[in-house]
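Hydrogens, waters and symmetry mates play no part in the numbers below; they use all other heavy atoms, side chains included. Remember, it's a predicted structure, so these values are computed and weren't measured experimentally. Throughout, a chain's letter reflects where its sequence line sits, starting with A, and its residues are numbered from 1.
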Amino acid sequence: MLQQTPVARVLPVWRQWLDRWPEPAALAADEPGEAIRMWGRLGYPRRALRLHGCATALVARHGGQVPDDLAELLDLPGVGAYTARAVAAFAYRQRHPVVDTNVRRLVARVVAGRPDGGQTTTGADLAATEALLPAEPADAAAASAAFMELGALLCTARSPQCGACPLGSRCAWRAGGEPLPTAPSRRPQRYAGTDRQVRGELLAVLREAPGPVPRAELDVVWPDASQRERALATLLDDGLVERHPDNRYGLAGSATTKPPPDPAGSGGGPRR
DNA sequence: GATTCGTGGGT
DNA sequence: TACCCAAGAAT
């Protein structure tokens, strides 16, 4: 949930989520569509699907437990370099570099004197961060937590508070006069009008509906029919949405949630 | 390595 | 208003 999403926005959803599914087996036993529904408006809904897939994999491969081996963690759906190492380090106290966007920026500044980190974590980022870790695994985990907090609270992207930073004069970026980024080089990140927004609108209808809805209920969310088609097609392709035999649409695998009265008697569609 | 994938709050 | 940017992962 925390992937590319501010902590404050995650917290309420996370609490409801764990209240409903306290352990992987509980989530795995429910429909993936219910995970999408509970995801709410956190964004990147494929993460909900992957989290459900992750729970399923944990049950199938690891007896419902979260493994402590880095390679096994990396094999889980939705678990990448950051999450796998965060779990191994924070939950199991292993010595791994934990590199998120905050640590990437912090290390870029402190070590390399650059104004910002890259968009994605590279092998060089992992190596540079690993070099900063104490030898003792428990201390390394504490240091990783400290790096993340430092990057998130003081060494921020916009307005870093260098005066309050405990690293003080040991920072190469500060020593270099805190040079600003040379080129903007950031992609335009507009959202309004994109297929992303249309996907979001379509999914919002399906989340709020108790079960599959007729096509007409999806058609009202966006005026451009061709863009609507495209967005719906990608949702189907991602496995977030299912088309039922009666030409209604619903969240993946959630056809069981009390379908409305069906005169045609086709039921909620077959389930496996 | 570069792109794509949502959403909302801060500046 | 417009833009930035979040505890990234998959392709």
Considering every strand and a 4.0 Å limit on heavy-atom distances, what is the contact class for [X]: base, sugar-phosphate, or nothing?
X: A:Val79; answer: sugar-phosphate
X: A:Leu203; answer: nothing
X: A:Thr101; answer: sugar-phosphate
X: A:Gly43; answer: base
X: A:Arg105; answer: sugar-phosphate
X: A:Ala81; answer: sugar-phosphate
X: A:Ala157; answer: sugar-phosphate

Measure the shortest side-chain to side-chain distance between A:Val241 and A:Ile36 over non-hydrogen atoms and say whether it is less than 4.5 angstrom.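 The answer is no, as the side chains (C-beta and beyond) never meet within the 4.5 Å cut-off.
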Please examine the side chains of A:Leu240 and A:Arg46, heavy atoms only from C-beta on, and report whether any two atoms are closer than 4.5 Å.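 SC-SC contact between A:Arg46 and A:Leu240 confirmed.
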Taking 4.0 Å as the cut-off, does a side-chain nitrogen or oxygen of [X] come that near to OP1 or OP2 on [N]?
X: A:Thr5; N: B:dG6; result: no
X: A:Gln4; N: C:dG8; result: yes
X: A:Gln3; N: C:dA9; result: yes

Any donor-acceptor N/O pair under 3.5 Å between B:dG6 base and A:Tyr44 side chain: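 Indeed there is one.
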Just the atom pairs and distances: protein N or O near nucleotides 8-11 of chain B's N or O, under 3.5 Å.
residue, atom, partner, partner atom, Å
B:dG8, OP1, A:Arg41, NE, 2.6

Closest-nucleotide ordering on DNA chain B, the 5'-leading residue of A:Thr122 and A:Arg199: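 Taking each residue's closest nucleotide, the earlier one in sequence belongs to A:Thr122.
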When you measure from the side chain of A:Glu242 to the backbone N and O of A:Gly253, does any donor-acceptor pair fall under 3.5 Å?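 The answer is yes, because a donor-acceptor pair under 3.5 Å joins these two groups.
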Counting N and O atoms only, with roles assigned by atom type, does the side chain of A:Arg174 sit under 3.5 Å from a partner on the main chain of A:Cys162, one being a donor and the other an acceptor?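 Between the backbone of A:Cys162 and the side chain of A:Arg174 there is a qualifying donor-acceptor contact (under 3.5 Å).
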Roughly how many Å is it from [atom1] in [X] to [atom2] in [N], rounded to a whole number?
X: A:Leu42; N: C:dA7; atom1: CG; atom2: C1'; answer: 13 Å
X: A:Arg46; N: C:dA9; atom1: CZ; atom2: C1'; answer: 9 Å
X: A:Asp116; N: C:dC5; atom1: CG; atom2: P; answer: 7 Å
X: A:Leu106; N: C:dA6; atom1: CG; atom2: C1'; answer: 16 Å
X: A:Asp238; N: C:dA9; atom1: CG; atom2: P; answer: 18 Å
X: A:Leu240; N: C:dA10; atom1: CG; atom2: C1'; answer: 14 Å
X: A:His52; N: C:dA9; atom1: NE2; atom2: C1'; answer: 19 Å
X: A:Arg190; N: C:dT1; atom1: CZ; atom2: P; answer: 19 Å

Mind checking salt bridge (Lys or Arg N to Asp or Glu O under 4.0 Å) for A:Arg9 and listing every partner two or more places apart, or none if nothing turns up?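 Checked A:Arg9 against salt bridge (Lys or Arg N to Asp or Glu O under 4.0 Å); zero matches.
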Any residue of residues 130-150 of chain A with a heavy atom less than 4.0 Å from an atom of DNA chain C: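 Going residue by residue through residues 130-150 of chain A, the ones with a heavy atom under 4.0 Å of DNA chain C turn out to be A:Met148, A:Glu149.
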Atom CD of A:Glu229 with >12 non-hydrogen neighbours under 6.0 angstrom: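 Correct, the count exceeds 12.
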I'd like the P distance from C:dT11 over to B:dG6, given in whole Å.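 Nearest-Å result for B:dG6 against C:dT11 at atom P: 14 Å.
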When the P atoms of B:dT3 and C:dA7 are considered, how many whole Å apart are they?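 Going atom to atom, P in each nucleotide, I get 23 Å.
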Nearest to side-chain heavy atoms of A:Arg47, which nucleotide of C:dA6, B:dG6, B:dT7: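 The answer is B:dG6.
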Between A:Glu130 and A:Arg95, is there a salt bridge with N-O shorter than 4.0 Å?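 Salt bridge: yes.
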Would A:Asp30 and A:Arg20 pass as an ion pair if we require N to O under 4.0 Å?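 Salt bridge between A:Asp30 and A:Arg20, a charged N being under 4.0 Å from a carboxylate O: yes.
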Stepwise, does the salt bridge (Lys or Arg N to Asp or Glu O under 4.0 Å) test hold for A:Arg215 with A:Asp219? CA-CA 6 Å; A:Arg215 180 58 169 270; A:Asp219 288 343; 3.5 Å; yes
Least distance between heavy atoms, A:Pro179 atom then A:Pro115 atom: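 Heavy atoms only, the tightest pair is O-CB, 3.3 Å.
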For the residue pair A:Thr194 / A:Arg199, report whether a side-chain donor-acceptor contact shorter than 3.5 Å exists.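 Judged by distance alone, the side chains do not pair up.
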